[in-house]
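Note: hydrogens, waters and symmetry copies are ignored here, and every other heavy atom, side chains too, is used. Order of the sequence lines sets the chain letters (A, B, ...), proteins ahead of strands, with each chain counted from 1.
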Number of protein chains: 2
Amino acid sequence: MVFTMTTTSPQGRTELLRPDGSPVRVLVVDDELSITELLSMALRYEGWQIRSAGDGQGAVQTAREFRPDAVVLDMMLPDMDGLAVLGRLRRDLPDVPVLFLTAKDAVEDRIAGLTAGGDDYVTKPFSLEEVVARLRGLIRRSGAADRRSDSVLVVGDLTLDEDSHEVSRAGEGIHLTATEFELLRFLMRNPRRVLSKAQILDRVWSYDFGGQANVVELYISYLRRKIDAGREPMIHTRRGAGYLIKPAAS
Amino acid sequence: MVFTMTTTSPQGRTELLRPDGSPVRVLVVDDELSITELLSMALRYEGWQIRSAGDGQGAVQTAREFRPDAVVLDMMLPDMDGLAVLGRLRRDLPDVPVLFLTAKDAVEDRIAGLTAGGDDYVTKPFSLEEVVARLRGLIRRSGAADRRSDSVLVVGDLTLDEDSHEVSRAGEGIHLTATEFELLRFLMRNPRRVLSKAQILDRVWSYDFGGQANVVELYISYLRRKIDAGREPMIHTRRGAGYLIKPAAS
DNA sequence: TGCGTTTCTCAGGAAAATCACAGATTTCCG
DNA sequence: CGGAAATCTGTGATTTTCCTGAGAAACGCA
């Protein structure tokens, strides 16, 4: 199936659509309600259609009739092993890409071989930006074989490549740390739109982050040094509201 | 049949296509479900169309109607000998190339005779990179005999010949061990793209590897000594994300 | 069998990234 | 202009991630 990119979202964001123009469908499987709720909300915000399940049984059943374009699957389910669920899912939907959720320390053993099939995983606790980015990648790549990968975000003379993790402004390469990269990606995916510190914290930092809220200020400061240094600034503060990024020209 | 190479895959990777533009078809035959699953997933990711069978009977039957462009065949099947299956397959598809899967300790001379006919084999446990590479080779050669050049990967002044296993940078030959070669091949097949340690491990090491994840770091270190030694580095670390290779120029 | 090569584990150390804290600076508003 | 609130940023502690030397074990080959 070929997914297309359009910029017709009400937010003015780029979003993925199925060939018939209907929204992408994602199935979320996790036994913790708080996680499925969190993910459902974040993914709906992407304009996707979400269905969720709390166990393997439900997952297989829902998948059969919902026919999702991608699945987010917790490896630790009450009724069956993540791999068993995967097997059943694959029987009905042979090509559906799967994003696994796994505990930080359980990573190495059972994930073996899974990323080789084009699937991917994130460790708990994750950040929503990470999940969304990985899902977008999976969905994009699962599409028919003949489309250019549109993995580059552009705002003014600033570009960010999600595949190579390369960032450059006015042609000049810029090195960013992992957190800086995710923050900039979030900003660039929402250009000209004010994002509150709370929103940023919720999206870019993992859901169990317990630190001081001013990390956002700190990382905005880091980004400015690297992105805006000496140039016309692109990152702006809206005092009392948040931050936004926009092309330097306007 | 002549297969053509295009670079239009969503990953920006080179991929094989049949003359009519339809995907290459591969039949996977193994009695262990986990193996057929693993291979199916990995080969689908190459953009190929996969069908699998769990025994000789099913293999012959599936082959008859699926008409694959290549077959991956475990020599150890429950119902019939690998040779018998081969014979039957050849009756319907005289020219289809076969990649044999064999146990490490299996008698090699039996295989040796078979591979003389343009077939090939890998021993279990295998790495996916190896299987994919061999299959690509078989399919390519079964098509037209005269597109040797396609077996050379080039990134900047670094070249790697998948047929002769020769590697050179700036014209200077470099000796690599088997593992180093496979790692470099994987990197070079995905230039300018960040590959996580998990992806690399899943692809380059055999599916039953149970060791420490830092072998990847170790072999990256080895490669750097040989590839980047003294020169402008081509292998880059994206801390917290993975590694990527790109031409020294940019 | 014996020797050189290759693969891999282990562990120390270096480097980088993350973040808390607090003082400096800016903005807003009366 | 003055003060309060909000934001910015320098410093350094802590944690995470990565690199690589040394050596053990497995392998390949004569």
Side-chain angles (χ1 to χ4, degrees), chain A residues 104-105 107-108 112 123 125-127 129-130 165 167 174-184 187 194-201 204-206 208-230 233-245, chain B residues 103-105 108 123-127 129-130 165 167 174-184 194-198 200-201 204-229 233 235-244:
Chain A
K104 181 89 170 185
D105 45 7
V107 185
E108 311 301 350
T123 59
F126 47 77
S127 78
E129 262 304 284
E130 206 180 328
H165 281 213
V167 174
I174 295 170
H175 170 82
L176 298 184
T177 71
T179 306
E180 289 162 359
F181 181 82
E182 292 226 338
L183 172 55
L184 182 59
L187 293 175
V194 176
L195 301 165
S196 72
K197 282 187 267 195
Q199 272 179 302
I200 293 173
L201 204 55
V204 176
W205 272 261
S206 36
D208 73 339
F209 179 79
Q212 306 303 106
N214 88 327
V215 280
V216 176
E217 293 169 21
L218 184 60
Y219 272 86
I220 287 286
S221 162
Y222 290 160
L223 267 189
R224 280 178 166 146
R225 264 178 241 178
K226 295 181 177 181
I227 301 297
D228 288 345
M234 294 181 64
I235 299 173
H236 305 267
T237 302
R238 287 283 174 275
R239 191 162 252 258
Y243 302 93
L244 87 165
I245 198 168
Chain B
K104 184 89 173 183
D105 48 3
E108 299 225 344
T123 59
K124 287 185 178 182
F126 47 77
S127 78
E129 261 304 284
E130 206 180 327
H165 278 215
V167 174
I174 295 171
H175 169 80
L176 298 183
T177 70
T179 307
E180 289 163 359
F181 179 82
E182 291 219 346
L183 172 56
L184 182 59
V194 175
L195 301 167
S196 72
K197 281 186 264 196
I200 293 173
L201 206 55
V204 175
W205 270 260
S206 40
Y207 56 80
D208 71 340
F209 179 80
Q212 308 303 100
N214 88 326
V215 281
V216 176
E217 292 169 22
L218 185 62
Y219 273 85
I220 287 286
S221 164
Y222 291 160
L223 266 189
R224 280 176 167 150
R225 271 177 230 177
K226 295 182 177 180
I227 302 297
D228 287 344
I235 299 173
H236 304 266
T237 303
R238 286 282 172 276
R239 200 162 249 259
Y243 300 93
L244 87 164

Can you tell me how far [atom2] of [N] sits from [atom1] of [X], to the nearest Å?
{"X": "Leu201(A)", "N": "dA20(C)", "atom1": "CG", "atom2": "P", "result": "10 Å"}
{"X": "Arg238(A)", "N": "dC8(D)", "atom1": "CZ", "atom2": "P", "result": "12 Å"}
{"X": "Leu183(B)", "N": "dC8(C)", "atom1": "CG", "atom2": "P", "result": "12 Å"}
{"X": "His236(B)", "N": "dT17(D)", "atom1": "NE2", "atom2": "P", "result": "22 Å"}
{"X": "Leu176(A)", "N": "dT18(C)", "atom1": "CG", "atom2": "P", "result": "10 Å"}
{"X": "Ile220(B)", "N": "dC19(D)", "atom1": "CD1", "atom2": "C1'", "result": "12 Å"}
{"X": "Arg224(A)", "N": "dT7(D)", "atom1": "CZ", "atom2": "P", "result": "11 Å"}
{"X": "Leu223(B)", "N": "dT20(D)", "atom1": "CG", "atom2": "P", "result": "12 Å"}

Within the pair [X] and [N], is there a side-chain N or O less than 4.0 Å away from OP1 or OP2?
{"X": "Trp205(A)", "N": "dC19(C)", "value": "yes"}
{"X": "Thr179(A)", "N": "dA17(C)", "value": "no"}
{"X": "Ser221(A)", "N": "dT9(D)", "value": "yes"}
{"X": "His175(A)", "N": "dA17(C)", "value": "yes"}

Under-3.5 Å N/O pairs linking protein and nucleotides 26-29 of chain D:
none

Q: Heavy atoms under 4.0 Å is the rule here; annotate nucleotides 21-27 of chain C 5' to 3' with B where the base is hit, S where only the sugar-phosphate is, and - elsewhere.
A: BB---BB

Q: Look at the side chain of Tyr222(B) against the base of dC8(C) and say whether a donor-acceptor pair falls under 3.5 Å; ignore hydrogens and angles.
A: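 By the distance-only test, yes, there is a pair.
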
Q | Options dT18(C), dT9(D), dT7(D), nucleotide nearest the side-chain atoms of Thr237(A) | A |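 That would be dT7(D).
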
Q: Using heavy atoms to find the nearest nucleotide of DNA chain D for Gly240(A) and Arg225(A) separately, return the residue whose nucleotide is more 5′.
A: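 Final value for this comparison: Gly240(A).
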
Q: Note down the inter-axis angle between the two ends of the helix from dT1(C)-dA30(D) to dG30(C)-dC1(D), five pairs each, to the nearest 10°.
A: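 Taking five pairs per end, the axes differ by 40°.
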
